[in-house]
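Worth knowing before you read on, the calculation uses all heavy atoms, side chains too, and leaves out hydrogens, waters and symmetry mates. Quick caveat, the model's predicted, so the values are computed rather than measured.
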Amino acid sequence: MSQTVDRALSILPLLAEGPADLGQVADRLDVHKSTALRLLRTLHEHGLVYRQSDQRYRLGARLFALAQEAMENLDVREIAHPHLVRLNEKCGHTVHLAVYEENEVLYIDKVESRYPVRMYSRIGKPVAVTVAAVAKLLLADLPEHERHALAEKLDYPMYTSRSTPHATAFLQELAKVREQGWATDLGGHEESINCVAAPIRGADGRVVAAMSLSAPNVVVTADELLTLLPLVRRTADAISGEYSGRTPAKDTPA
């Protein structure tokens with residue numbers, strides 16, 4: 001039975017490459033055509049493959065519906081939280097998780113610093129999109145026309161002397177973030193707070209969330225915080241792998 005299931009499932013990656021006829025499926029599985037036909041009929045009955053008028057088979061609509069349903073039910077916060085906790089345990093600083101929803105970047109999880117000086121950020125609270133590192137990552141992943149339209153609509157409050165002053169500078173920053181794959185906020189929102197962030201990506205490579213590590217200058221300097229960027233990126237990669245299904249759940253690499 002396990003061999004039958006294995007063979008049936010092996011058909012799906014083949015059809016993901018494009019429609020295939022019975023002979024191609026049998027050759028890929030290294031089985032007789034009668035065996036391949038039984039497997040294809042079973043998959044067809046469940047809507048996972050579809051037989052075209054030219055007698056070739058392609059992936060069925062039911063497969064896409066299941067994939068979409070699975071994606072909609074994925075909770076990135078639930079998957080990310082254990083990784084965020086482990087990162088916090090390793091370095092002691094505040095860890096945030098944020099998403100982009102309905103034209104706002106919102107914190108959806110937070111693990112508090114173990115140091116006496118705490119940040120006043122709250123879960124569910126919108127972030128300052130023109131300066132926050134997580135916002136830069138999420139907005140940098142938008143299609144170009146959406147980035148430009150958004151940049152032109154935003155206000156650019158000067159929270160500090162390091163804040164982003166206008167749309168042109170913001171778009172330049174997003175382009176830089178998009179290319180390098182990580183972001184910082186070094187005193188752009190609060191003079192005394194620095195932050196490094198990395199993206200969490202879904203199976204299609206798009207950014208679904210962003211996580212960050214933040215600390216005040218009285219605890220670590222900006223340069224010291226930047227030395228933790230590789231750890232932040234490895235954590236984000238581990239979450240991305242688990243969220244997208246590329247890797248099983250496991251501890252974040254040290």
Taking atom [atom1] of [X] and atom [atom2] of [Y], what is their separation to the nearest 0.5 Å?
X    : Y    : atom1 : atom2 : value
N88  : S113 : CG    : OG    : 7.0 Å
F170 : S163 : CZ    : OG    : 12.0 Å
I11  : L48  : CD1   : CG    : 10.5 Å
S10  : Q3   : OG    : CD    : 10.0 Å
H166 : T164 : NE2   : OG1   : 9.0 Å
L43  : R62  : CG    : CZ    : 13.5 Å

From the list L213, N194, T227, L225, side-chain contact (heavy atoms from CB on, under 4.5 Å) partner of V220 resolves to L225

Applying the side-chain contact (heavy atoms from CB on, under 4.5 Å) test to S240, which of I200, V208, V207, T235 qualifies?
I200

Say whether Y243 and V111 are linked into one hydrophobic cluster, either directly or through other cluster members, by side-chain heavy-atom distances under 4.5 angstrom.
yes

Suppose the criterion is side-chain hydrogen bond (donor to acceptor under 3.5 Å, both in side chains): which pairs have a residue in [range], not counting sequence neighbours?
range            : result
residues 14-25   : E17-R28
residues 149-162 : R162-E191
residues 134-150 : K136-E173, D141-R206

Is there a donor-acceptor contact under 3.5 Å linking the side chains of K110 and S121?
yes

Going through the distances and angles, do D109 and L84 end up as a side-chain contact (heavy atoms from CB on, under 4.5 Å)?
CA-CA 9 Å; D109 202 1; L84 306 184; 3.7 Å; yes

Hey, is [atom1] on [X] packed in by over 12 heavy atoms from elsewhere, all under 6.0 Å?
X    : atom1 : value
D30  : CG    : no
R114 : CZ    : yes
Q180 : CD    : yes
R51  : CZ    : no

Residue pair L39, L29: steps toward the side-chain contact (heavy atoms from CB on, under 4.5 Å) verdict
CA-CA 11 Å; L39 296 172; L29 299 181; 3.8 Å; yes

What verdict does the side-chain contact (heavy atoms from CB on, under 4.5 Å) test give for W182 and V177, after you've listed the backbone C-alpha separation in whole Å, the side-chain angles of each residue and the deciding distance to 0.1 Å?
CA-CA 6 Å; W182 50 273; V177 167; over 6 Å; no

For C195 versus L186, what's the shortest heavy-atom pair and its separation?
O-CD2, 4.2 Å

Closest non-hydrogen atoms of P199 and A236, given as atom of the first, atom of the second and distance, are O-CB, 3.3 Å

Ring center gap for Y57 and H44 short of 6.0 angstrom:
no

Determine, stepwise, if the pair H189 / I193 fulfils side-chain contact (heavy atoms from CB on, under 4.5 Å).
CA-CA 8 Å; H189 190 214; I193 302 292; over 6 Å; no

